[in-house]
Visitor: 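Mind looking over this structure? Questions follow.
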2 protein chains.
Amino acid sequence: MKQGEQTRNKILKSAGKLFYQHGFHQTAFSDIVHDTGLSKGNITYHFKSKEDILNGVFEQRIENTHASLTNLDKKYPDAALRIEGFIDSLLKGKSELTRYGCRNGSLAYELGKSNNKTRELSRQVFDLTRHWLKKQFLALGFSTEQAGDRAMELFTRGQGICVISQVYSDEKLFEHEVTQLKTLIHNP
Amino acid sequence: MKQGEQTRNKILKSAGKLFYQHGFHQTAFSDIVHDTGLSKGNITYHFKSKEDILNGVFEQRIENTHASLTNLDKKYPDAALRIEGFIDSLLKGKSELTRYGCRNGSLAYELGKSNNKTRELSRQVFDLTRHWLKKQFLALGFSTEQAGDRAMELFTRGQGICVISQVYSDEKLFEHEVTQLKTLIHNP
DNA sequence: GTCTATAAGAAGATAGAC
DNA sequence: GTCTATCTTCTTATAGAC
């Protein structure tokens, strides 16, 4: 990896973390400067504005989400196990998810009200997971309509759980609600 | 109503709308000045800081939520009808809810990451609805545990639907998902 | 590519007149 | 109670040296 590319990734990683943990508007340019240890000028060289960094973060997340889902496909041969693996990955991240909410959902919710570009990018990230889930439910034998409904229910409940358990700062609540999502795999 | 109180309410109404439609950090003090038609000095006379306005908005929402739920109690004699009335009120607000998300959830999600006071106030608003829902499910004959689970499921799904349908800017999606919440009233 | 220094603007909070 | 005017700080963006 060239040095420029390395710096670029460092900025995106740092900004992605800060936007997630504090929100976009509560993250100042100078926060990214501090966190990366780079100079303001250097960051500006790679990204012409804060919004430009945001777009880069989203692109990175599209890649990461795609990689995670592909990883589940490789790890588990069976659709039921894949969905279970997906839910388990939520459980594994319960501490972060309870504290800061969903990486994508919280950012989308903060910025989607006004920023169309962000809403479009959020949609792309969401679609990756939503379509993957639908595919798994189809493989389980559900009809197209049913599979779409199941995927959407699992998805919306996941998002809602993140909102609620963050407000209540309650990991037990998170765990209980997310575990219940597994009933969606089998019940008719 | 005294003039001071009138002005105070005017500020809260305006700020509540702006915080909801644009988010807290994307609403500047000057936006509230413009929207109310009042002077900056006058607003500062009633609220010593922007965060003070925020707290006022939350107090107002606690009152409004309480009033809405009491209203449902008066309007419908039966628990099933009350829950249905609750869900119908969501459907009635679909345009706003799809565009800006949940009044309380979106603000809670934006600010809950860092602001403890806000998280505490959000919790109070959430609890009102959550406990009310649980009470209705208890009246329907569910066990304490089941009623709590139902209330929480209805609540989290509602929140999740708001996040998702905002990202997709899709009222049809909102309507479809919210309507499905009615199955929670009867199914075992 | 990376740095320091600075500009230009917006934000929230304050002071004092009426 | 309500206004105008000002202060201070923070935030983003830019310019130019190395």
Side-chain angles (χ1 to χ4, degrees), chain A residues 1-60 107 110-111 113-118 121, chain B residues 1-60 107 110-111 113-118 121:
Chain A
M1 202 182 335
K2 286 177 193 166
Q3 185 164 9
E5 200 180 338
Q6 214 167 3
T7 305
R8 213 187 117 94
N9 284 338
K10 193 175 185 178
I11 296 166
L12 287 179
K13 191 180 168 188
S14 179
K17 184 188 74 180
L18 293 167
F19 291 166
Y20 174 49
Q21 294 184 348
H22 307 298
F24 178 74
H25 288 104
Q26 276 186 290
T27 301
F29 219 105
S30 58
D31 294 327
I32 303 174
V33 170
H34 277 115
D35 195 73
T36 53
L38 299 169
S39 70
K40 194 168 270 191
N42 194 0
I43 295 174
T44 302
Y45 173 80
H46 289 282
F47 298 94
K48 73 173 195 295
S49 69
K50 195 182 163 190
E51 200 168 325
D52 211 35
I53 300 179
L54 178 68
N55 293 335
V57 166
F58 269 107
E59 279 165 32
Q60 204 188 35
L107 206 50
E110 181 191 351
L111 297 166
K113 298 185 176 196
S114 45
N115 190 323
N116 288 328
K117 171 82 175 165
T118 301
L121 287 168
Chain B
M1 203 183 329
K2 287 177 191 164
Q3 186 165 9
E5 200 181 340
Q6 215 167 6
T7 305
R8 212 187 118 93
N9 284 338
K10 193 176 184 178
I11 296 166
L12 288 179
K13 190 180 170 188
S14 179
K17 184 188 73 181
L18 292 168
F19 291 167
Y20 174 48
Q21 293 183 349
H22 307 298
F24 178 74
H25 287 103
Q26 275 185 293
T27 301
F29 218 105
S30 58
D31 292 328
I32 304 175
V33 171
H34 277 115
D35 196 73
T36 53
L38 300 168
S39 69
K40 191 171 272 190
N42 195 358
I43 294 174
T44 302
Y45 173 78
H46 289 281
F47 299 93
K48 73 173 197 293
S49 70
K50 195 183 165 190
E51 200 169 325
D52 211 36
I53 300 179
L54 178 68
N55 293 335
V57 166
F58 268 107
E59 279 166 30
Q60 205 189 35
L107 206 49
E110 181 191 351
L111 298 166
K113 296 183 177 197
S114 45
N115 191 323
N116 288 328
K117 171 82 175 164
T118 301
L121 287 168

Visitor: Quick one, B:Thr36 with B:Lys13, criterion side-chain contact (heavy atoms from CB on, under 4.5 Å). Give me CA distance, side-chain angles, the key distance, then yes/no.
Guide: CA-CA 9 Å; B:Thr36 53; B:Lys13 190 180 170 188; over 6 Å; no
Visitor: Mind running a 4.0 Å heavy-atom check of residues 12-43 of chain A against DNA chain D and sending the residues that fall below it, in number order?
Guide: A:Thr27, A:Ala28, A:Phe29, A:Lys40
Visitor: Output all residues satisfying side-chain hydrogen bond (donor to acceptor under 3.5 Å, both in side chains) with B:Ser30, sequence neighbours left out; order by chain, then residue number.
Guide: none
Visitor: Please find the earliest and latest nucleotides of DNA chain C, in the 5' to 3' direction, that have an atom within less than 4.0 Å of any heavy atom of chain A.
Guide: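 It runs C:dG1 to C:dT4.
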Visitor: Report, one line per pair, each donor and acceptor closer than 3.5 Å where one atom sits in a side chain of residues 2-10 of chain B; sequence neighbours left out.
Guide:
{"unit_1": "B:Thr7", "atom_1": "OG1", "unit_2": "B:Gln3", "atom_2": "O", "d": "3.0"}

Visitor: Using heavy-atom distances to pick each residue's nearest nucleotide on DNA chain D, tell me which of B:Gln3 and A:Ser49 is more 5'.
Guide: B:Gln3
Visitor: CG/B:Leu38 to OG1/B:Thr44 distance, rounded to the nearest 0.5 angstrom?
Guide: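 Those atoms lie 11.0 Å apart.
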Visitor: Of A:Leu121, A:Asp52, A:Leu12, which meets side-chain contact (heavy atoms from CB on, under 4.5 Å) against A:Val57?
Guide: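 It is A:Leu12; the other options fail the test.
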Visitor: Residues two or more places apart in sequence or in another chain: which of them pass side-chain hydrogen bond (donor to acceptor under 3.5 Å, both in side chains) with A:Thr118?
Guide: A:Asn115
Visitor: Tell me, do B:His25 and B:Leu111 make a side-chain contact under 4.5 Å, heavy atoms counted?
Guide: yes
Visitor: Send over the distance from A:Ile53 CD1 to D:dA13 C1', rounded to a whole Å.
Guide: 12 Å
Visitor: How would you list, by chain and number, every residue that makes a side-chain hydrogen bond (donor to acceptor under 3.5 Å, both in side chains) with B:Lys50, sequence neighbours excluded?
Guide: none
